[in-house]
Every structure is written in C-alpha cells, then in structure tokens.
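So the structure is just underneath, and the comments pick up after that.
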Amino acid sequence: MTVTSPSNTASHSVFPGRWVGGASLIIGPLLVLAGALLRVRFGFFFPDQLSAYEHHPDLMTASYSLVSAGWVVLWPGVALLAADIGAHYRELAVWGGVLAALGLFARAFHAGVDHAGFQLVTAQGVASATRTVSETHGAFHVFSTLNAAIMGGWILLAVGAYRSRVLGPLRAAALALASAMPLGVLKGTTAWSVAAAAGLCVALLPLGVTAWRTGPEAGPLLRIELEHGAADAGVFVLAG
C-alpha cells in the first residue's frame with residue numbers, strides 16, 4: 001500500500017469528535033435506508049401515504065420515524081466529513097458541509113409536517129386529512145428556500161471527498177446519489193429513494209468504521225490507499 005504525506009488539519013477536529021462523528025456516519029444511513037424500505041410497497045404521493053397510515057399506522061410511524069431520525073443523526077457525520085475534506089479543499093468543505101447540514105434541517109422540518117398530516121388522519125379521518133393537505137400543500141415556508149441545499153450539499157461533499165482522496169470514485173459517486181432522495185412532505189419510496197439511501201451506506205459506513213478506529217486521541221492522519229481496493233480506489237483515514 002502507498003502512504004502519502006501526513007495531514008494534521010482534520011485530525012485535531014475537537015467537534016464533533018471521531019467517536020460521535022463515526023457513529024453518525026454508521027447509524028444515520030442505516031436508519032434512512034431501513035425507514036425507506038418499510039414503505040416501499042405504498043404509492044409515492046401524499047394521498048397514498050395518508051391512506052397507508054390509516055391502514056398501517058404502526059408501520060408508517062416506524063418508517064417515517066426511522067427516516068427522520070436518520071437525517072438528524074447524520075449532521076455530526078457531515079461535520080466530520082467536511083473537516084477531513086477541509087484538510088485539502090477548504091471551500092468545498094465549507095460550502096458542501098454547510099449546504100448538506102441546512103438540507104438536513106429542512107428534512108427535519110418536513111418530518112414535522114409529515115407527523116401533523118398523520119395526526120389529521122387519526123383525528124379527522126383520511127378523507128378530511130387528504131383534503132386539508134391538498135389545500136395547504138403548496139403553502140410557502142422558509143425552509144422551501146433550502147430545497148437546493150438538500151440536493152446540492154451532497155454533490156459538493158462528494159466532489160470534495162473525491163478530490164481530497166477521502167473517497168474513491170465509486171464511493172464518491174454513491175455519496176452524490178444522496179441528492180436523488182425525493183424532497184418534500186409525505187413522500188413515499190421510489191427506486192431513486194432506495195438508490196440514494198444505499199449510496200449513503202456505501203459511501204459513509206466505511207468512513208464511520210475508520211473514524212472509530214482512529215478514536216478520539218488520533219494523532220496526525222495518514223492517507224493509506226489499499227492495494228486491493230482497485231474496484232473503488234478507496235482511501236481510508238488511519239491514525240499515524
């Protein structure tokens with residue numbers, strides 16, 4: 001294997017720390033994927049999602065809870081990934097990290113609207129809830145301005161991770177797939193949803209494991225390119 005020169009910028013990142021950031025990179029993508037798969041058999045648009053909740057309230061509650069928790073849990077991982085990218089490409093790290101984090105906040109807001117829609121089904125019945133959602137679906141809210149951030153942040157992080165050699169080309173492309181996750185409220189699962197969630201897992205889980213291996217007391221980081229990782233040209237960050 002080939003060892004490049006040490007980088008000591010990301011290694012001394014106190015916040016969020018490699019234990020917390022690593023856990024985020026592992027748990028967040030798995031929660032999003034699990035939640036998306038739970039509702040894969042139901043229609044994509046909100047009338048189908050509200051109807052699915054009427055007939056399968058526990059399943060839909062679990063699905064939406066897992067996905068929303070996954071997005072929230074991911075923010076320390078985004079911060080850690082941006083710190084590693086910033087060792088070589090500061091602007092890509094800043095803009096990619098900020099936009100991705102803002103996108104996570106927007107998805108948390110959407111999760112609140114999803115929850116309110118499901119409570120309308122419980123309180124008023126599915127027909128009334130569907131009518132109410134239909135009449136208010138296009139109402140402006142401040143988080144609408146973050147739609148571009150929801151998609152663009154992952155793309156910038158993917159470019160930065162590839163250029164800084166934090167990720168190889170295939171895993172960087174998998175990370176960029178996260179931008180294909182449908183946005184908005186009361187959205188079901190499509191093939192793009194599964195691809196986006198799986199892409200997060202492929203790209204981020206190995207980074208989370210590597211972050212745990214370095215631990216909170218990691219010294220200068222060494223970029224170590226694995227000889228047998230040609231399929232991905234994967235680059236892992238290990239403690240020097």
Side-chain angles (χ1 to χ4, degrees), residues 28-75 78 99-155 157-158 173-204:
L30 290 175
L31 291 176
V32 173
L33 178 60
L37 291 176
L38 283 178
R39 59 177 184 257
V40 70
R41 60 190 171 111
F42 303 115
F44 177 72
F45 293 105
F46 72 86
D48 298 308
Q49 295 294 293
L50 293 173
S51 177
Y53 179 81
E54 180 187 35
H55 295 96
H56 308 280
D58 293 336
L59 176 65
M60 294 299 284
T61 297
S63 171
Y64 276 79
S65 296
L66 288 171
V67 171
S68 59
W71 291 128
V72 171
V73 166
L74 264 171
W75 74 262
V78 167
L99 290 178
L102 288 175
L104 296 177
F105 297 153
R107 288 196 183 274
F109 172 82
H110 295 159
V113 179
D114 296 337
H115 178 75
F118 290 145
Q119 300 320 299
L120 286 175
V121 174
T122 301
Q124 302 177 6
V126 68
S128 177
T130 301
R131 183 170 57 253
T132 299
V133 173
S134 176
E135 292 172 351
T136 60
H137 193 67
F140 173 79
H141 56 81
V142 67
F143 286 98
S144 298
T145 61
L146 297 179
N147 287 345
I150 293 175
M151 299 179 291
W154 295 114
I155 295 174
L157 283 179
L175 181 61
L177 268 178
S179 64
M181 181 69 75
L183 55 86
V185 301
L186 293 170
K187 294 294 192 298
T189 296
T190 66
W192 283 111
S193 308
V194 176
L200 282 174
C201 292
V202 170
L204 299 184

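FYI, side chains are in, hydrogens and waters are out, and symmetry mates aren't considered; it's all heavy atoms of this structure. When a residue number appears, it is its place in the shown sequence, counting from 1.
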Contact between [X] and [Y] at the side-chain level, heavy atoms closer than 4.5 Å - yes or no?
X: Leu204; Y: Leu175; value: yes
X: Arg107; Y: Phe143; value: no
X: Tyr64; Y: His110; value: no
X: Phe118; Y: Thr61; value: no
X: His56; Y: Arg41; value: yes
X: Ser128; Y: Leu120; value: no
X: Thr122; Y: Tyr53; value: yes
X: Leu99; Y: Met151; value: no

Assess whether side-chain contact (heavy atoms from CB on, under 4.5 Å) is satisfied between Leu33 and Leu200, documenting all intermediate values.
CA-CA 9 Å; Leu33 178 60; Leu200 282 174; over 6 Å; no

For [X] and [Y], which heavy atoms make the closest approach, and how far apart are they?
X: Ala196; Y: Leu177; answer: CB-O, 3.3 Å
X: Thr189; Y: Ala36; answer: OG1-O, 2.6 Å
X: Leu74; Y: Gly28; answer: CG-CA, 4.0 Å
X: Leu102; Y: Ala149; answer: CB-CB, 4.3 Å
X: Leu31; Y: Val73; answer: CD1-CG2, 4.3 Å
X: Thr136; Y: Thr132; answer: OG1-O, 2.9 Å

Is the CZ atom of Phe44 crowded by more than 12 outside heavy atoms at less than 6.0 Å? yes

Residue His115 excluded, over 12 heavy atoms near NE2 under 6.0 Å: no

- After noting the C-alpha distance and the side-chain angles of Phe109 and Val142, does the key distance pass the side-chain contact (heavy atoms from CB on, under 4.5 Å) rule? CA-CA 10 Å; Phe109 172 82; Val142 67; over 6 Å; no

Could you give me the CA-CA distance, side-chain angles and deciding distance for Val67 and Arg39, then say whether side-chain contact (heavy atoms from CB on, under 4.5 Å) is met?
-> CA-CA 11 Å; Val67 171; Arg39 59 177 184 257; 3.9 Å; yes

Taken in chain and number order and not counting sequence neighbours, the residues that satisfy ring-ring contact (aromatic ring centres under 6.0 Å, His included) with His137 are Phe46

Under 3.5 Å, is there a donor-acceptor pair between the side chain of [X] and the main chain of [Y]?
X: Glu54; Y: Gly125; value: no
X: Ser63; Y: Leu38; value: no
X: Ser193; Y: Thr190; value: yes
X: Asp114; Y: Leu186; value: yes
X: Thr130; Y: Val126; value: yes

Under 3.5 Å donor-acceptor pairs involving side-chain atoms of residues 178-185, not counting sequence neighbours:
unit_1 : atom_1 : unit_2 : atom_2 : d
Ser179 : OG     : Ala176 : O      : 2.7

The reported gap from CH2 in Trp75 to CZ in Phe105 (rounded to nearest 0.5 angstrom) is 8.0 Å

